[in-house]
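Just so you know, these numbers come straight off a predicted model, no measurement behind them. Below, chain A is the first sequence line, B the second, and so on; all start at residue 1.
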Protein chains: 2
Amino acid sequence: MSESRSRSFVSAQMVADRAGVSRSAVSRTFTHGASVSEATRRKVLEAAGALGYHVNHLARGLRERSNIVCLVVADMTTPIRARMVEVLTRKLQAAGKITMVINTETETESVDSALRQTLNYRADATVVLSGTPPASLIETCLANGQQVILINRDEDLRGSSNLGVDNAMAGREALFLLRRAGCRRLGLVTSNARTASLVERERVFVEAARAAGLPVAVTEAGPTHYASGRDAARRVFGRSQAPDGVFCVTDLLALGFMDVARHEFGLAIPRDLCVVGFDDIEQAGWDSYRLTTFSQPLDAMADEVVDLLLRPAPGSAQRRIIEPVPVWRHSVRPGPV
Amino acid sequence: MSESRSRSFVSAQMVADRAGVSRSAVSRTFTHGASVSEATRRKVLEAAGALGYHVNHLARGLRERSNIVCLVVADMTTPIRARMVEVLTRKLQAAGKITMVINTETETESVDSALRQTLNYRADATVVLSGTPPASLIETCLANGQQVILINRDEDLRGSSNLGVDNAMAGREALFLLRRAGCRRLGLVTSNARTASLVERERVFVEAARAAGLPVAVTEAGPTHYASGRDAARRVFGRSQAPDGVFCVTDLLALGFMDVARHEFGLAIPRDLCVVGFDDIEQAGWDSYRLTTFSQPLDAMADEVVDLLLRPAPGSAQRRIIEPVPVWRHSVRPGPV
DNA sequence: TTGAAAGCGATACCAT
DNA sequence: ATGGTATCGCTTTCAA
């Protein structure tokens with residue numbers, strides 16, 4: 001009867017009518033591990049197929065978990081972020097979750113409204129890749145039984161789970177690499193984003209260098225992009241005392257830095273200049289760059305997120321640090337010239 | 001009372017109880033353009049704030065549109081795809097929609113299950129960026145009142161709206177550029193993906209060249225990635241008759257191609273070799289490449305998608321072709337040597 | 001195994 | 001302007 005109207009979703013009731021069974025039978029057929037006779041099951045499946053029935057997860061989510069996970073992210077076109085989104089959506093999907101992406105566009109824009117959306121859609125969890133959510137809102141998410149997972153945020157907000165890479169290690173290791181290459185005049189290039197991760201890499205690198213008696217010229221460029229790396233290089237090599245070893249806190253910065261150093265100042269890498277990056281984006285491996293850098297173990301991080309989601313005890317908010325892995329390529333000499 | 005239990009979402013009823021009004025009043029307060037007295041409104045808002053209430057969009061979606069849009073996409077880490085996803089999520093969000101991302105991982109993997117998810121969550125529309133959905137499923141989506149928008153798919157499936165760039169124009173223009181540069185031995189590099197877009201660019205380029213009396217050596221590499229461009233270059237320059245003008249159907253292919261041509265075969269670009277790409281990914285503009293290419297008008301495409309969604313007459317499935325815009329950089333000479 | 005019925009949370013319609 | 005009620009589609013008791 002009512003199926004003829006089309007142009008609207010088909011419900012379990014319609015399937016039940018057509019199959020000549022009760023609405024409950026239909027529900028059971030699609031609920032894993034429910035008891036239905038083979039005969040009923042077949043009838044239901046047949047009717048469902050004919051009608052094009054699909055279980056309404058919205059309605060299902062009314063009573064239990066929605067299986068929705070929100071991803072709050074800015075700067076999605078950045079290679080590293082794109083990879084994070086890809087890995088997360090893929091692994092979440094494999095775990096039976098569906099991902100809602102909330103694009104906060106700029107790091108500064110309020111994550112606030114994003115968190116609210118997350119609440120509106122009754123997401124089981126929110127994964128924050130960008131920005132700093134206000135503590136009060138996190139409180140609200142938690143109070144509503146929603147998990148909050150912060151990635152590379154380091155803000156250490158109570159109740160939220162934190163996941164990040166060991167930035168200190170990267171800072172120390174970068175210094176080690178440059179010193180081993182015999183670099184004497186060190187430089188550090190960072191962006192004006194000043195996120196906790198970036199600041200930490202800078203701090204450790206500079207402090208370790210200072211401890212070794214090597215001062216570091218710090219250059220703060222614009223946003224964490226290729227163009228900022230270029231700008232930084234122009235500034236750095238315009239000065240009298242140009243560095244011969246530079247740690248760029250991000251691959252994108254490093255790539256822009258290298259291009260200007262080479263094409264505008266005629267520097268040979270790694271002969272005249274050694275460069276270390278961070279992230280190991282795909283482009284870092286391209287023949288024109290062959291950048292020595294640190295790879296973020298994205299798979300491991302995504303696995304951890306899924307694990308956190310599936311874990312029965314969400315109360316135990318924790319902080320997990322994952323080690324980045326050094327990737328030696330050719331932008332740093334293996335030893336002094 | 002019940003608010004103390006926490007660990008569960010707060011409902012309109014709780015807010016109503018606390019504010020001492022009816023559940024309807026709460027609903028009205030949050031429905032745009034409903035009539036509530038200022039006094040009631042204030043009481044509701046106050047209670048809602050205290051309780052941390054957020055309208056349940058899942059429940060709302062039970063009766064009317066869900067405002068969910070599904071994005072079916074593979075190969076998300078690819079710069080062009082990442083940008084598409086970014087633009088779409090951003091513009092959809094601005095239009096009051098929320099985006100669900102379904103990662104189909106590989107072009108070949110069944111878009112089938114993705115479409116089903118879309119149906120499960122009662123998405124108002126599905127935007128397909130990758131893969132070829134089976135016609136029958138599209139049928140089902142449409143029958144359920146869901147819009148289907150295919151981007152750069154060209155499969156021309158009945159009922160779905162199609163959006164794409166003018167690949168023929170790019171093929172023709174690429175040839176024009178290379179001929180003007182005085183190239184005599186033409187080459188074309190494509191991937192084994194053989195999507196409609198890629199095939200079309202190839203077809204038009206080759207046919208136009210043939211018409212002009214210039215044969216084209218076609219090289220089909222692996223997937224549409226940087227590594228495939230490198231492989232192609234190795235194959236192409238290993239042969240006796242190396243080309244002096246090449247159209248790579250994708251920037252990623254072009255970049256890999258350029259790197260090998262330069263670093264492994266010592267070719268100077270554009271002196272010894274001219275290269276044209278397609279997509280205008282960010283890296284194409286980097287100093288190491290300065291690739292002449294065509295830019296996909298992603299903003300316009302996203303606007304069109306939003307427009308399609310908001311349009312009252314979804315019955316009129318249409319096909320919109322948008323012109324890519326040539327981006328002249330330095331991988332092609334302005335004239336003969 | 002099966003069907004009837006009670007929610008889940010919100011909105012639209014109807015009276016008031 | 002306000003409150004009561006039906007309804008959306010599903011899952012889950014509870015009886016039979």
Side-chain angles (χ1 to χ4, degrees), chain A residues 2-3 5 7-44 47-48 51-68 119-124 144-145, chain B residues 2-3 5 7-45 47-48 51-68 119-124 144-146:
Chain A
S2 49
E3 59 156 306
R5 246 286 278 111
R7 198 88 331 210
S8 171
F9 286 91
V10 3
S11 70
Q13 183 62 64
M14 297 179 187
V15 177
D17 289 349
R18 177 164 178 139
V21 299
S22 75
R23 180 216 301 241
S24 317
V26 177
S27 179
R28 278 192 281 262
T29 302
F30 291 101
T31 318
H32 188 77
S35 78
V36 218
S37 73
E38 196 46 49
T40 314
R41 175 183 207 77
R42 213 181 12 253
K43 274 192 292 183
V44 169
L51 258 33
Y53 171 71
H54 290 261
V55 176
N56 186 338
H57 282 29
L58 262 36
R60 169 186 281 177
L62 232 44
R63 295 175 70 67
E64 40 216 278
R65 336 180 59 215
S66 65
N67 282 330
I68 295 175
L119 256 9
N120 283 330
Y121 279 99
R122 295 307 191 250
D124 295 341
N144 283 334
Chain B
S2 50
E3 59 159 305
R5 246 285 281 110
R7 199 89 330 207
S8 170
F9 285 92
V10 5
S11 70
Q13 183 61 256
M14 297 179 184
V15 177
D17 290 349
R18 176 164 179 138
V21 298
S22 76
R23 181 216 301 241
S24 314
V26 177
S27 181
R28 277 192 283 263
T29 303
F30 291 101
T31 317
H32 188 76
S35 77
V36 217
S37 75
E38 195 46 48
T40 313
R41 174 184 207 77
R42 212 179 16 251
K43 275 191 294 183
V44 169
L45 251 25
L51 258 33
Y53 170 72
H54 291 262
V55 176
N56 186 338
H57 282 29
L58 262 36
R60 171 188 279 175
L62 233 44
R63 297 180 67 70
E64 42 214 276
R65 336 180 59 215
S66 65
N67 282 329
I68 295 174
L119 255 10
N120 282 330
Y121 280 99
R122 296 308 190 249
D124 295 341
N144 283 336
Q146 189 177 81

Under 3.5 Å, side-chain donor or acceptor atoms of residues 32-43 of chain B against the rest of the protein: list the pairs with distances, not counting sequence neighbours.
unit_1	atom_1	unit_2	atom_2	d
Ser37(B)	OG	Thr40(B)	N	3.2
Ser37(B)	OG	Thr40(B)	OG1	2.7

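- End-to-end axis angle of the helix from dT1(C)-dA16(D) to dT16(C)-dA1(D), from C1' rotation axes over five pairs per end: 40° (rounded to 10 degrees).
- For Ser11(B), the side chain to side chain contact (heavy atoms under 4.5 Å, CB included) partners two or more places apart in sequence, or in a different chain, are Gln13(B), Met14(B).
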Review item, nucleotides 14-16 of chain D N/O atoms under 3.5 Å of protein N/O:
none

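- Shown here for Leu51(B) and Val10(B), the closest heavy-atom pair between the two residues is O-CG1, 3.4 Å.
- Shown here are the side chain to side chain contact (heavy atoms under 4.5 Å, CB included) partners of Ser66(B), two or more places apart in sequence or in another chain: Leu58(A), Ile68(B), Asp124(B).
- Val26(B) comes within contact range of no nucleotide atom at all, as no heavy-atom separation falls under 4.0 Å.
- When DNA chain C is scanned in the 5' to 3' direction for atoms under 4.0 Å from non-hydrogen atoms of chain B, the outermost contacting nucleotides are dG9(C) to dC13(C).
- To the nearest 0.5 Å, atoms CG (Leu62(B)) and CG (Leu62(A)) are separated by 6.0 Å.
- Sorted by first and then second residue, the side-chain hydrogen bond (donor to acceptor under 3.5 Å, both in side chains) pairs with a member in residues 52-64 of chain A form an empty list; sequence neighbours excluded.
- At a threshold of 4.0 angstrom between heavy atoms, the contacts of Ser35(B) include nucleobase atoms, whether or not backbone atoms are also involved.
- Counting distance only, with no hydrogens placed and no angle test, the side-chain atoms of Ser24(B) and the base atoms of dG4(D) include a donor-acceptor pair under 3.5 Å.
- Between Ser22(B) and dT2(D), a side-chain N or O to OP1/OP2 separation shorter than 4.0 Å is absent.
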Report all interatomic pairs (protein N or O, nucleotide N or O of nucleotides 6-10 of chain D) with separations under 3.5 Å.
unit_1	atom_1	unit_2	atom_2	d
dT7(D)	O2	Arg63(B)	NH1	2.6
dC8(D)	O4'	Arg63(B)	NH1	3.4
dC10(D)	OP1	Tyr53(A)	OH	2.7
dC10(D)	OP1	Asn56(A)	N	3.2
dC10(D)	OP2	Ala12(A)	N	2.5
dC10(D)	N4	Arg23(A)	NH1	3.0

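- Taking the side chain to side chain contact (heavy atoms under 4.5 Å, CB included) definition, one finds that Ser22(A) meets it with Ser24(A), Ala25(A), sequence neighbours left out.
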